[in-house]
Enquirer: 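Below is a structure I'd like to ask you about.
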Protein chains: 2
Amino acid sequence: MPHPSRPTVTLHDVAAAAGVSVATASRVLGGSSRTVAPEYERKVLAAAAELRYTSDMSARAMRRKSDSIALVADDLTTPTIGIVVAAMERQARTVESFVSVSSTGGTPERQYETVRTLCALRPQALVLTSSRFEAKALGGRLLDELLAYEQQGGRVVVFGNTDMPFDSITVDDRGSARPMGAHLAQTGHQRVVILAGPRDKANVSARTSGFVEGLLSGGVDAQDVRIVNCEVSRQGGFDATTRLIEEGLGQVEAIVAANDLIAVGALSACRAGGVAVPSRVSVAGFDDIQLAVDVTPRLTTVALPLAEIGAESIRLALAPRSGAEAPAGPGAGGPTRETVLGTLVVRDSTTTRTS
Amino acid sequence: MPHPSRPTVTLHDVAAAAGVSVATASRVLGGSSRTVAPEYERKVLAAAAELRYTSDMSARAMRRKSDSIALVADDLTTPTIGIVVAAMERQARTVESFVSVSSTGGTPERQYETVRTLCALRPQALVLTSSRFEAKALGGRLLDELLAYEQQGGRVVVFGNTDMPFDSITVDDRGSARPMGAHLAQTGHQRVVILAGPRDKANVSARTSGFVEGLLSGGVDAQDVRIVNCEVSRQGGFDATTRLIEEGLGQVEAIVAANDLIAVGALSACRAGGVAVPSRVSVAGFDDIQLAVDVTPRLTTVALPLAEIGAESIRLALAPRSGAEAPAGPGAGGPTRETVLGTLVVRDSTTTRTS
DNA sequence: TGTGTGACGGAATACGATTTCCGTGCAGGT
DNA sequence: ACCTGCACGGAAATCGTATTCCGTCACACA
């Protein structure tokens, strides 16, 4: 709160102390194109250091382009978003801008409200991350707001699946899951249970499709693949697996889950039920969260390049606008949509079967 | 980037559209004390909605007190900070302000640089979190900067141990560790190994002291408590415990670690070495990270009230200045220093011994 | 009916920085 | 010696909003 209380030191003070005009002081301290006599430059620098001058970004923002980037996320407590944010920070730092972060809890209302608040800060760019960002949410009010922001010269980048017409970077869940299915098939797993989340979660069901495709391509019979829906959490995986074990695992040789949390639950249920992993049954997950290497046996999973995604979001956000040309043909020069693939990480929770 | 490109809609535009003066429009939209005629109010509101007007916070910040709070943290990827940040967000929202977050990697240089950058944004308050914030770091430059900021009306709150003269909220590591030691003693553990971190980490060594105090108070013989220094990580715990097992555990009945990560490593080493937990040896940690309930057996630990700490930091940051009185007596009216205690959480990795 | 008073709209100014524009002094060419 | 142009410091305009100050109008009271 600088202004109510007076003792803030302003550019004016620095100029006075250095015995020059504010214009000169500004040119020295603000990195101007104009040159200043070395003698004056030295004086200004000395005065600024002496007075501990820091320029007021609010005032500065009124004349030059802002250098902040705003990130809107569902939840900052998940380990994955932490890694993405850290990478964004690092990347932003290389171009002298900085990132401010807000979380929305995932509700469209709070997303809308947060976006409005952040737009008021006139950031250079807005990066949105959500499991679900829908154009039609709130009757399109969110989309309208974002479009208006973009028309005012802002830049919007979405990390995640979205039908909004902005630059986006998404994980190819299906394509990333396919190698996992293929790997399990190649290592001799014939009968597989897939612990899928609920049917309506888009990224989760894409992973299930990928698993299935990979398994079939590896020669597994479609009849031998069983899909079990469960809650997306450790408990969900635990419960579903416990039920499986109670029913009798039968010929099942592998359990592959839509994410690591579910897989860890499955692992836990196996231990509780006396089912050896990986000798009796292999278990695999998706995401490569920190926990995956902390459990025993260490979890085979699919690693996502989260750091690269974070850095790339910032790069996209700062890149010169791609769709600058007039809206000519339909679909011509639309938003750039990047897709990244995860990589299979084989650890100790799966093995090779020779049966 | 609002200003280079013109199409930003300003208060002036709204006023023109509504057929009133900017002063009136400002009074309606900016929550002024002055009243305006309902008819005009309606017109302004309509115009603002029509034009999708959002006030420019940079410009607004020049006239009224800012409503942003800046958080400086070492690392945003740790699970604990995530919970704290989420709670801060929630708390800030209740007073119409918002939090922006930056990470420093823990180096004093980046801390200094980050603080300078954030001070330039003239936030309402600055919340610092670090494992170590030292007054003398960088020859006191960081401290000087913060003092200057406070003199300009800002507010500084530190979460963590610090010798800086600011309001702070810290975890009483020693006091929180004591009940753990006492509990182990009361449940019949006679010989205990403490996996302490390196000697020079303040909070970690405070925990070690607490463990020892608790154990002794519960009747354990000082001769039977062994302190083993190790790296603060899962691997550190694993290595130290593996070494212990190789040497032969002897009479050791409990291993208590300075944090959960170390304890999880110990757990893992026990499993690898065929040492049953908790039947052969009990294992306990400190922090209650998410992982603590994800491992098997679920870890007995000390839970820290992170959400309360986050909320309280914001409350402190927004509270009217406490040390407002002139610096009268030495130590009189100094910064308020709050201390919080963790609570013992007993789970499956410890048991009661009757030997 | 005259006058004090409170309500309220609008012009002007402040906020702290950047940038444009202007004026001056000095160097160099003819 | 005079004119041209460059370099550079300083006054002033500017950015978008909040607020102060002033003027007007209506209402109420005597």
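Below, chains carry the letters A, B, ... as their sequence lines are ordered, and counting in each starts from 1.
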Enquirer: Please tell me which of A37(B) and A59(B) maps to the more 5' nucleotide of DNA chain C, matching each residue to the nucleotide holding its nearest heavy atom.
Expert: A37(B)
Enquirer: Please classify the nucleic acid contact of S26(B) as base, sugar-phosphate, or nothing, using heavy-atom distances under 4.0 Å.
Expert: base
Enquirer: Under 4.0 Å, heavy atoms only, any strand: does V22(B) hit a base, just the sugar-phosphate, or nothing?
Expert: nothing
Enquirer: So, is T24(A) close to the dG10(D) phosphate, meaning a side-chain N or O under 4.0 Å from OP1 or OP2?
Expert: yes
Enquirer: Nearest to the R34(B) side chain among dA18(D), dG9(C), dT19(C), which nucleotide is it?
Expert: dG9(C)
Enquirer: Could you grab the distance from atom CZ of F166(B) to atom CD of E150(B), nearest 0.5 Å is fine?
Expert: 5.0 Å
Enquirer: Choose from dG9(D), dG10(C), dT17(D) the nucleotide whose nearest atom is closest to any side-chain atom of D56(B).
Expert: dT17(D)
Enquirer: Would you mind checking if E145(B) and R141(B) are paired as a salt bridge, meaning a charged N to carboxylate O distance below 4.0 Å?
Expert: no
Enquirer: How close or far is atom P of dT17(D) from atom CZ of R122(A), stated in whole angstroms?
Expert: 7 Å
Enquirer: Between C1' on dA14(C) and CE on M62(A), what's the gap in Å once rounded to a whole number?
Expert: 11 Å
Enquirer: Expressed as a whole number of angstroms, how long is the span from Y40(A):OH to dA7(D):C1'?
Expert: 13 Å
Enquirer: Tell me whether the side-chain N/O atoms of T35(A) come closer than 4.0 Å to OP1 or OP2 in dA7(D).
Expert: no
Enquirer: Is the shortest distance from a Lys or Arg side-chain nitrogen in D167(B) or R155(B) to a carboxylate oxygen in the other one below 4.0 Å?
Expert: yes
Enquirer: K65(A) NZ to dT18(C) C1': how many Å, rounded?
Expert: 15 Å
Enquirer: Should we say atom CD of E50(B) is surrounded by more than 12 heavy atoms from elsewhere, each under 6.0 Å from it?
Expert: no
Enquirer: Tell me the interatomic distance from L121(B), atom CG, to dA17(C), atom C1', rounded to whole angstroms.
Expert: 14 Å
Enquirer: Does a side-chain N or O from S21(B) land closer than 4.0 Å to OP1 or OP2 of dG10(C), or not?
Expert: yes
Enquirer: Looking at dT14(D), dC8(C), dC8(D), which one has an atom nearest to any side-chain atom of R63(A)?
Expert: dT14(D)
Enquirer: Are E113(B) and R116(B) within salt-bridge range, i.e. N to O under 4.0 Å?
Expert: no
Enquirer: In whole Å, what is the span from the CZ atom of R64(B) to the P atom of dT20(D)?
Expert: 11 Å
Enquirer: Whole angstroms only, please: what is the NZ-C1' distance between K43(A) and dG10(D)?
Expert: 14 Å
Enquirer: Looking across every strand, which nucleic acid part, if any, lies under 4.0 Å from L11(A) by heavy atom: base, sugar-phosphate, or nothing?
Expert: base
Enquirer: Provide, to the nearest angstrom, the distance between the CZ atom belonging to R27(B) and the C1' atom belonging to dT20(D).
Expert: 10 Å
Enquirer: Could you check which of dT19(D), dT17(D), dC8(C) has an atom nearest any side-chain atom of S55(B)?
Expert: dT17(D)
